[in-house]
Amino acid sequence: MNAPIRIPAWQRPHWHPGGEEIYLHYYVFGNFQNVRVPSAPYGSDGLPHGIEVSNHHHSALRSWEGYPLKGELGRLFKEEAPDAYRAAVDAPQVMILRGTLPDQGDVGYLRDTLGVVAGLLDIGGVAVLDPQIVTLFGADAWRSHYLVRDGAPIRNHLLILRDDEDNGDGYWIRTRGMRKFGRPDVSLRHVPEGDSDRAGMLCERLAEMQALGAHFVDGQALEADGLRGFVAKLGGSAVEAPFYNTYVEFRWPH
């Protein structure tokens, strides 16, 4: 096995205290050895205060209302990652890592948590589910995605979606996963078809700004890519679909 890649804890240069909390949530499926999780080689001192881990017999979770491998979600994972899905379904144990933390000026909390996930994969983990980005990874795919020399890009921690607007007026482009950074998800509404790639890149940049600590305020005007007329609208909450997070929304200027 190659030497483990240490996960960096980058600073958030635009950070100042905000009122939102960071939320992390991962499932690790496997048959785990009864040993201390080897997170230190990945730069992690263990789970940060506020993030808890629980070990479950997989059979006990299958009837749970929130069980993530059944129903529509299960069908999605089976279609998009069939090998990871089968490995997860067949695994006898499930580790659930979950919790909230106060907003903070670096991402040491994320390094420490991902270091524990990496350590669990080294002692019997076979698949990782990140429900915040609706993605199931096999062990090797997760390592390739997050154990990147000099650190995985912010984009790797997020999901960017594009859907048709209900009224047919362009596309709705938005993120999932910004609760990992204690920030609202980004929403761009009524994007014309010809601007959809441009809007996707803008959505990613706005998410990265927030991951680095920036805040938007309600009514804030924004000029981007030479376009004027973006005005921030804040909304949402952790219990409201579709984001299950707060959001900052901009209507595409025409």
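Source: prediction; values computed, not measured.
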Trp15 and Asp103, any side-chain heavy atoms less than 4.5 Å apart: yes

Approximate separation, where rounding is to 0.5 Å, of Phe29 CZ and Leu69 CG: 4.0 Å

Inter-residue atom distance Lys70.NZ - Ser63.OG, 0.5 Å rounding: 7.0 Å

Pair Asp130-Trp142, side chain to side chain donor-acceptor pair (under 3.5 Å): steps then yes or no: CA-CA 10 Å; Asp130 182 343; Trp142 188 92; over 6 Å; no

Heavy-atom pair with the smallest gap, counting every atom of Tyr27 and Pro131: CE1-CG, 4.0 Å

Trace of the side-chain contact (heavy atoms from CB on, under 4.5 Å) decision for Tyr26 with Val116: CA-CA 11 Å; Tyr26 302 95; Val116 171; over 6 Å; no

salt_bridge(Arg174, Asp163) N-O dist < 4.0 Å: yes

Trp10 and Asp106, any side-chain heavy atoms less than 4.5 Å apart: no

Beyond-backbone contact of Ile123 with Pro38, side-chain heavy atoms, under 4.5 angstrom: yes

Passing candidate, side chain to side chain donor-acceptor pair (under 3.5 Å) with Ser187, options Glu249, Arg251, Lys233: Glu249

Mutual orientation of the aromatic rings belonging to Trp172 and Phe243 [parallel < 30°, tilted 30-60°, perpendicular > 60°]: perpendicular

Side chain Arg111, main chain Ser44, donor-acceptor under 3.5 Å: no

Arg12 side chain to Ala211 backbone, donor-acceptor under 3.5 Å: yes

Same apolar cluster: Leu202 and Leu212, side chain cutoff 4.5 Å: no

Nearest atoms (heavy-atom pairs only) where Leu73 meets Pro68: CB-O, 3.6 Å

Hydrophobic cluster membership, Val35 vs Leu120, 4.5 Å side-chain cutoff: yes

Side chain proximity check, Phe32 to Val37, heavy atoms < 4.5 angstrom: no

CG/Asp197: more than 12 non-hydrogen atoms of other groups inside 6.0 Å: no

Minimum side-chain heavy-atom gap His49-Leu101 below 4.5 Å: no

Salt-bridge contact Asp140-Arg143 (side-chain N to carboxylate O under 4.0 Å): yes

Least distance between heavy atoms, Tyr244 atom then Arg179 atom: O-CD, 3.3 Å

His190 (side chain) donor-acceptor with Gly170 (main chain) under 3.5 angstrom: no

Whether His25 and Tyr23 hold their rings parallel, tilted or perpendicular, with breakpoints at 30° and 60°: perpendicular

Check: Tyr67 main-chain N/O paired with Arg62 side-chain donor or acceptor under 3.5 Å: no

Minimum-distance pair of heavy atoms, taken over all atoms of Ile133 and Leu159: O-CD2, 3.3 Å

Distance, nearest 0.5 Å, that separates CZ of Arg176 from CG of Asn245: 9.0 Å

Same apolar cluster (I L V M F W Y, side chains within < 4.5 Å links), Ile154/Leu206: no

Tyr146 side chain reached by Val117 side chain, heavy atoms, under 4.5 Å: no

Residues Thr246, Leu234; criterion side-chain contact (heavy atoms from CB on, under 4.5 Å); working and verdict: CA-CA 7 Å; Thr246 56; Leu234 303 184; over 6 Å; no

Geometric class of the Phe181/His157 ring pair [parallel <30°, tilted 30-60°, perpendicular >60°]: perpendicular

Any side-chain heavy-atom pair of Tyr85 and Leu136 under 4.5 Å: yes

Gap separating the CE atom of Met178 from the CG atom of Leu158, nearest 0.5 angstrom: 6.0 Å

In one Ile/Leu/Val/Met/Phe/Trp/Tyr side-chain cluster, 4.5 Å: Val107, Met209: no

Single-linkage hydrophobic cluster Trp252~Phe216, side-chain heavy atoms < 4.5 angstrom: yes

Asn55 side, atom CG; Gln93 side, atom CD - distance, nearest 0.5 Å: 5.0 Å

Aromatic plane relationship, Phe137 with His145 - under 30° parallel, 30 to 60° tilted, over 60° perpendicular: tilted

Nearest-0.5 Å distance that lies between atom OG in Ser54 and atom CG in Leu97: 8.0 Å

Ile96 side chain near Leu61 side chain, heavy-atom distance below 4.5 Å: yes

Carboxylate-amine/guanidinium contact Arg189 Glu165, below 4.0 Å: yes

Side chains of Thr175 and Asp185, donor plus acceptor under 3.5 Å: yes

Any donor-acceptor pair under 3.5 Å from His215 side chain to His16 backbone: yes

Considering all heavy atoms, the nearest Ser196-Ile173 contact: O-CD1, 3.5 Å

For the student: nearest non-hydrogen atoms of Thr100 and Ile51, plus distance: N-CD1, 4.1 Å

Enclosure of Glu52 CD (heavy-atom neighbours >12, cutoff 6.0 Å): no

Heavy atoms of other groups near Lys78 NZ, more than 12 under 6.0 Å: no

